[in-house]
Amino acid sequence: MDWLVDVLWYPMWINAYLIKVYTEMYIVVISLLSVSRYFVHFSLALPSVELTQKAVTSGIRWIVGLIISKDLVLLLWLIVTLELKKFQQIDKILDYYYGIHLNYQFLLYIAAIIQLPIICGAKKSSDSEINYLEKMVYFQTVCIGFTKMIMIPIFVTLLFKGVNDTVISVLFVMVDLFIVPIVGQISEFVYRPRAAVATQDQFELN
């Protein structure tokens, strides 16, 4: 059984890391798309850059590169710290990691909050041109953002009750691994049937 554990150990952590990179990338991408939607919505001028699939793909690659580079730098810093036996530096490394993660979260919170005036306000004529994929992105931004904001007082309460702050920090980071796919499935259920019905009606009219 020892050899089986050794064989499965590294693939398990590699898959966990790939999932973490994907969730971080996804949150950053949908946040940036939602922020850009806000400025386009309240601007009288047309956007200067067309949001094509090629542009989105390039942005995703760029963001994934930044995330992996960030993780590599922190990993190398951790390895050097362990080799030099400066264990007091580990807390500083974790603080940097959680600080960078908080920046992602603040971007997500801002993107979710600024969608409220668009959702609650009067729709413009340009809103009818938004396809169901874009609606799914904005729906996911709002749901993920407000879910994470609701969890903040829960984590603060746990902190005041004596739960270790490192445990709370890890939970705050790891909860994205569950929220993102759940909200993604909900948005698929909410918007895809409407898109399918609309496509079928258009086909029947033609």
Side-chain angles (χ1 to χ4, degrees), residues 19-52 55-71 74 94-124 126-127 129-159 165 168-188 190-191:
I19 295 172
K20 184 194 77 69
V21 170
Y22 173 79
T23 54
E24 285 187 9
M25 175 273 298
Y26 195 79
I27 287 175
V28 174
V29 169
I30 64 175
S31 300
L32 291 176
L33 290 175
S34 299
V35 170
S36 66
R37 181 210 183 190
Y38 174 83
F39 287 106
V40 170
H41 182 85
F42 290 102
S43 175
L44 297 177
L46 294 175
S48 58
V49 178
E50 184 180 0
L51 193 61
T52 61
V56 173
T57 303
S58 300
I60 290 174
R61 291 174 180 172
W62 183 72
I63 292 171
V64 169
L66 287 178
I67 292 173
I68 295 177
S69 299
K70 175 260 298 180
D71 291 340
L74 293 176
L94 292 176
D95 290 339
Y96 274 108
Y97 180 83
Y98 295 139
I100 296 172
H101 185 78
L102 281 177
N103 288 328
Y104 300 154
Q105 301 303 310
F106 287 139
L107 176 62
L108 174 65
Y109 300 156
I110 293 172
I113 291 172
I114 63 178
Q115 296 305 303
L116 294 181
I118 302 176
I119 295 174
C120 300
K123 294 184 179 180
K124 293 186 176 182
S126 60
D127 290 345
E129 301 175 0
I130 298 177
N131 58 42
Y132 75 95
L133 291 176
E134 291 175 319
K135 290 180 180 179
M136 286 171 57
V137 168
Y138 308 141
F139 174 83
Q140 292 170 9
T141 304
V142 173
C143 287
I144 296 173
F146 279 94
T147 302
K148 293 298 292 286
M149 282 188 278
I150 291 172
M151 297 182 71
I152 290 177
I154 298 176
F155 287 132
V156 172
T157 302
L158 293 175
L159 183 63
D165 56 347
I168 294 176
S169 300
V170 172
L171 288 176
F172 186 76
V173 173
M174 298 300 292
V175 74
D176 291 339
L177 304 181
F178 302 96
I179 294 178
V180 171
I182 291 173
V183 173
Q185 290 298 317
I186 293 174
S187 62
E188 288 273 350
V190 170
Y191 287 104

**Q.** Qualifying residues under side-chain contact (heavy atoms from CB on, under 4.5 Å), relative to V175, sequence neighbours excluded
**A.**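 Expected list: K148, M151, I179.
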Q: Decide yes or no on side-chain contact (heavy atoms from CB on, under 4.5 Å) for K70 and E24, but give the supporting numbers first.
A: CA-CA 12 Å; K70 175 260 298 180; E24 285 187 9; 3.4 Å; yes
Q. Can you tell if the side chain of V28 reaches within under 4.5 Å of the side chain of L66, non-hydrogen atoms only?
A.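 Heavy-atom side-chain distance check fails, nothing below 4.5 Å.
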Heavy-atom closest contact ([X] atom, [Y] atom, distance):
X    : Y    : value
F172 : I152 : CE1-CG1, 4.3 Å
F146 : A112 : CE1-O, 3.7 Å
Y138 : L33  : CE2-O, 4.0 Å
L107 : S31  : CG-CB, 3.7 Å
I113 : M149 : CG1-CE, 4.1 Å
S34  : Q115 : O-NE2, 2.8 Å

Q: Classify the ring geometry between Y97 and H101 as parallel (under 30°), tilted (30 to 60°) or perpendicular (over 60°).
A: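 Answer is parallel, since the angle falls under 30°.
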Q) Applying the side chain to side chain contact (heavy atoms under 4.5 Å, CB included) test to C143, which of V180, V183, I182 qualifies? A)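 When side chain to side chain contact (heavy atoms under 4.5 Å, CB included) is applied between C143 and each of V180, V183, I182, only V183 qualifies.
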How long is the span from the [atom1] atom in [X] to the [atom2] atom in [Y], to the nearest 0.5 Å?
X    : Y    : atom1 : atom2 : value
I27  : Y22  : CD1   : OH    : 10.5 Å
I154 : L159 : CD1   : CG    : 14.0 Å
I30  : M25  : CD1   : CE    : 10.0 Å
I100 : I67  : CD1   : CD1   : 10.5 Å
D176 : L171 : CG    : CG    : 11.5 Å
N103 : L108 : CG    : CG    : 12.5 Å

Q) Checking side-chain contact (heavy atoms from CB on, under 4.5 Å) for the pair D71/K20: CA distance, chi angles, key distance, verdict? A) CA-CA 11 Å; D71 291 340; K20 184 194 77 69; 3.2 Å; yes
